[in-house]
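Let me begin by presenting the structure, written as structure tokens, before commenting on it.
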Amino acid sequence: MDNVVVRFAPSPTGYLHIGGARTAIYNWLFARKHKGKFILRIEDTDAERSNMEAIQGILDGLQWLGLDWDEGPYFQSQFVAEHRAAAEALIEKGLAYKCFCTKLQLDEKREAARRNKLTYQYDGTCRHLTADEVSLKEASGQAYTIRIKVPRGTGAVVFNDAVYGSVEKKYQDIEDFIIVRGNGQPLYVLSNAVDDIRDGITHIIRGQDGLANTPKQILIYQGLGAALPEFAHMSLTLDPKKAKISKRKHGEQVAVHYYRENGFLPWAMVNFLVLLGWSTRDSQDIFSPDELINAFRLEGINRTNSVFNVAADGGKHFTDPKLISINAHYLRQMPMASLMPHIRTWLIKADLWRSEFDTEKRLWLETAMDLIRGRYNTLEDFVTFGKAYICDQFDVAPKAARKHLADPEVARWMPELAESLARLENYDAKSIESELRRFLTEKGIKAGKLMGAVRTAVTGQEVGPDFIKILTTLGRQCVVDRLKSVVSS
Ligand code: GLU
């Protein structure tokens, strides 16, 4: 496929939410797959609802996810004159007309239809005004809207949607819809189509809610003599109760920044979101960027709505378990060189970063983080569960302390163990292991008991990576000091 041009066209009414991110991801993937262009257009014509903060939030969200755009951001509000000109051109061609019906008149007609239990549709009163009548009304200063002259008769707008297949909308079910308001402001249905034509959009990949506009927009395209793009409407993402996901109901969990703030990796997020309503035949669920770009096809978008398991366990998991498991997968598998910048960001945020981590302790930190990452689900875990590997001021988990350190026996042998490790000639895995064995036998302590106590004393946690590796990674001085201080405190 040549010369693919797609766009992500958010209305900046809030931050980037997961539904928007999903639309952006599908467009981005499609552009990258076909070596096309991905345009970012901010649909800010609804001035009251748009604000700079929301726009910035969207840009930040896209950047964080790694969805780079090739053109834009363009702002729809800068093209209002062009939208009006398009409406004028349609009037010139006899495909649109000025409608002078007042709100009061229309309300009365709507009310009459309601009383008679009929579906209201504008009756086309002004469709048949003569040029003279129009001039007269205009000259008398009457305000007018501009409506599309929808073809009448038995025909229909028919188009193929890459997801929903052939879609048909009968002309008789489309009223002569307004494209410019009485105050001269173009309507969204027009602006959006005119912008897509100007930007040369070849594929419109957007949410299913756009499907209602498509037949109308096709009439606009045809009226303006523009080639039709391909359409692909994406099914919805619902919550486990099959309700629409919304900020009101689900709070911050609908926002991309929530995941950034809670320690998710951007690519894990992309990988998770793409699977909400798209799949490969073999249901692969982990993709590198190249694999995903290669595998992405519009035909893989599912018609059925997908479910985002928001807070599935009523609090135990703070988001969809699948997202957590994908994040954990990347945390465990990705090359350390790629993971370290993320960990760095989190350490800085938690005020745990030291300059030596950039210099002489760089490799050490990488080894330590590699050691502990196997159990973690989010980046935040590195600074909470993993804090003992980064600094001396860590908390001992109360449950672990009760279970492993409360026994008075432990307080008796712990300082001795510290001394014997301090005296070891070589502080390496082999020597540590044989020293521990000797110590166990001499004192008659069970291995599990000793390991539980030592692990808790030096890491604050009762579970963790390989026991001996913990001791070698933390280093002799650190281990000895912690074993001594845990019983004196
Ligand atoms: N601005 C619209 C929205 O945010 C986009 C519609 C479209 O992609 O055509 O829902």
Side-chain angles (χ1 to χ4, degrees), residues 4-31 36-51 53-59 61-62 65 67 69 71-80 82-83 86 157 159 161-164 167 169 177 179 185-221 224 226 228-237 244-247 254-256 273 277 298 301 305:
V4 162
V5 185
V6 291
R7 54 30 170 209
F8 174 49
S11 307
T13 53
Y15 40 58
L16 182 64
H17 54 83
I18 52 157
R22 190 175 147 242
T23 309
I25 290 168
Y26 285 21
N27 278 284
W28 179 82
L29 286 170
F30 193 70
K37 208 159 50 172
F38 176 49
I39 295 180
L40 175 60
R41 182 172 72 228
I42 306 289
E43 305 214 294
D44 61 340
T45 33
D46 196 347
E48 272 171 39
R49 295 171 69 206
S50 304
N51 65 64
E53 206 184 318
I55 293 170
Q56 197 52 50
I58 290 171
L59 302 186
L62 292 173
L65 288 169
L67 306 176
W69 55 91
E71 270 185 28
Y74 296 132
F75 291 88
Q76 188 162 65
S77 56
Q78 288 171 358
F79 298 95
V80 174
E82 211 174 279
H83 307 151
V157 177
F159 65 97
D161 185 277
V163 179
Y164 291 94
V167 180
K169 181 96 178 168
F177 58 96
I179 52 172
Q185 204 182 40
L187 260 95
Y188 177 73
V189 69
L190 173 71
S191 309
N192 179 255
V194 171
D195 288 347
D196 282 339
I197 294 170
R198 184 197 52 252
D199 292 339
I201 305 300
T202 57
H203 293 74
I204 295 184
I205 307 166
R206 63 182 172 194
Q208 194 209 41
D209 42 354
L211 202 50
N213 275 334
T214 311
K216 297 179 184 173
Q217 294 189 314
I218 288 179
L219 292 173
I220 294 174
Y221 267 82
L224 294 171
L228 283 187
E230 305 273 339
F231 290 93
H233 287 89
M234 306 157 49
S235 53
L236 302 172
T237 295
K244 255 188 129 169
I245 302 232
S246 70
K247 180 172 186 208
V254 306
V256 167
L273 288 173
L298 294 181
I301 304 178
N305 295 328

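When a ligand or atom number is given, it counts from 1 through the structure's own listing order. None of the values given here were measured: they were computed from a predicted structure.
In this view, I197 and Y221, L224, A226 satisfy the side-chain contact (heavy atoms from CB on, under 4.5 Å) rule, not counting sequence neighbours. Remark: L40 pairs with F8, P10, I42, L59, L62, W69, P73 by the side-chain contact (heavy atoms from CB on, under 4.5 Å) rule, at least two apart or across chains. Taking R7 as the reference, D196 meet the salt bridge (charged side-chain N to carboxylate O under 4.0 Å, His left out) condition, with sequence neighbours excluded.
Between F231 and H233, the ring planes are parallel. Angles under 30° get that label, and only those over 60° would be called perpendicular.
Under the side-chain contact (heavy atoms from CB on, under 4.5 Å) test applied with M234, the options R206, Q208, R22 reduce to a single match, R22.
A heavy-atom cutoff of 4.0 Å around ligand 1 is satisfied by the protein residues R7, A9, P10, S11, E43, Y188, N192, R206.
In the displayed structure, E53 atom CD is contacted under 6.0 Å by at most 12 heavy atoms of other residues, nucleotides or ligands.
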